Structures are given as structure tokens and as C-alpha cells.
Amino acid sequence: HCLAMVRECDVFIGVIGHRYGSCPPGSETSFTELEYNEACASQKPRLMFVYDGAIEAGLVEADGAREKQNRFRNRVKQE
């Protein structure tokens with residue numbers, strides 16, 4: 001459903017924080033990154049907000065998710 005909604009939108013607006021978030025069953029890619037990928041593939045204009053502030057220690061994800069989020073955040077910043 002979320003990918004269909006991305007295809008229907010005029011502009012994709014995303015807020016990227018420090019947490020990678022949940023993934024659909026059977027996927028290693030978060031819902032947010034899948035939506036972003038769909039916006040890119042659909043050639044939608046993208047307005048992305050990347051939060052660079054501090055994060056509480058208790059909210060830090062495990063290493064694997066944190067690494068994925070860092071790669072995703074860097075990609076968004078470059079694109």
C-alpha cells in the first residue's frame with residue numbers, strides 16, 4: 001500500500017532520523033527506505049529532511065540497524 005501511495009504522490013516528503021525502523025516481513029530494507037527507493041524509481045521530486053541532532057542513548061539501535069541507517073542517511077544527503 002505505501003509504495004502505491006508513493007507512486008500516486010506529486011512530491012515525496014521524507015523525514016530521516018537516527019533509527020532505521022521496521023522492515024516488512026521477509027525484507028532487510030526498512031519501510032522508509034523502500035518508499036524512498038520507489039520515489040527515486042518513479043522519478044518523483046523528493047524533499048528530504050535529515051535530522052542531525054543528538055539522540056538519547058536508550059534509543060540507539062543495534063549495530064546492524066545503525067549501520068544500515070547511516071548508509072541510508074548518507075545516500076539521502078548525497079542525492
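FYI, the numbering just counts along the sequence from 1. All values derive from a computational prediction rather than experimental measurement.
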Judged by atom type as modelled, is there a donor-acceptor pair below 3.5 Å linking the side chain of [X] to the main-chain atoms of [Y]?
X	Y	answer
H18	G53	yes
K44	C9	yes
E33	Q69	no

**Q.** Heavy-atom closest pair, residues S30 and P24
**A.**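 That would be C-CD, 4.5 Å.
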Q.
Is there a continuous path of hydrophobic side-chain contacts, each under 4.5 Å between heavy atoms, that joins V15 to Y20?
A.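 No; Y20 is not reachable from V15 via cluster members.
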Taking the side chain as every heavy atom from C-beta outward, state whether [X] and [Y] have any atom pair closer than 4.5 Å.
X	Y	result
E28	K68	yes
F72	T29	no
C2	F31	yes
V76	N74	no
I16	M48	yes
F12	P45	no

Q. When rounded to the nearest 0.5 angstrom, what is the spacing between SG in C40 and CD in E35?
A.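 Taking SG in C40 and CD in E35, the distance rounds to 12.0 Å.
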**Q.** Point-to-point distance, once rounded to the nearest 0.5 Å, from CZ of R7 to CE of M5
**A.**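 Going from the CZ atom of R7 to the CE atom of M5 covers 10.5 Å.
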Donor on one side chain, acceptor on other, [X] and [Y], under 3.5 Å:
X	Y	answer
E79	Y36	yes
R75	N70	no
E38	S42	yes

Q) Listed by chain and number, what are the salt bridge (charged side-chain N to carboxylate O under 4.0 Å, His left out) partners of D52, not counting sequence neighbours? A)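 D52 satisfies salt bridge (charged side-chain N to carboxylate O under 4.0 Å, His left out) with R73, K77 only.
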Q | Connected-component partners of L3 among ILVMFWY, side-chain separation under 4.5 Å | A |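 Other cluster members: L34.
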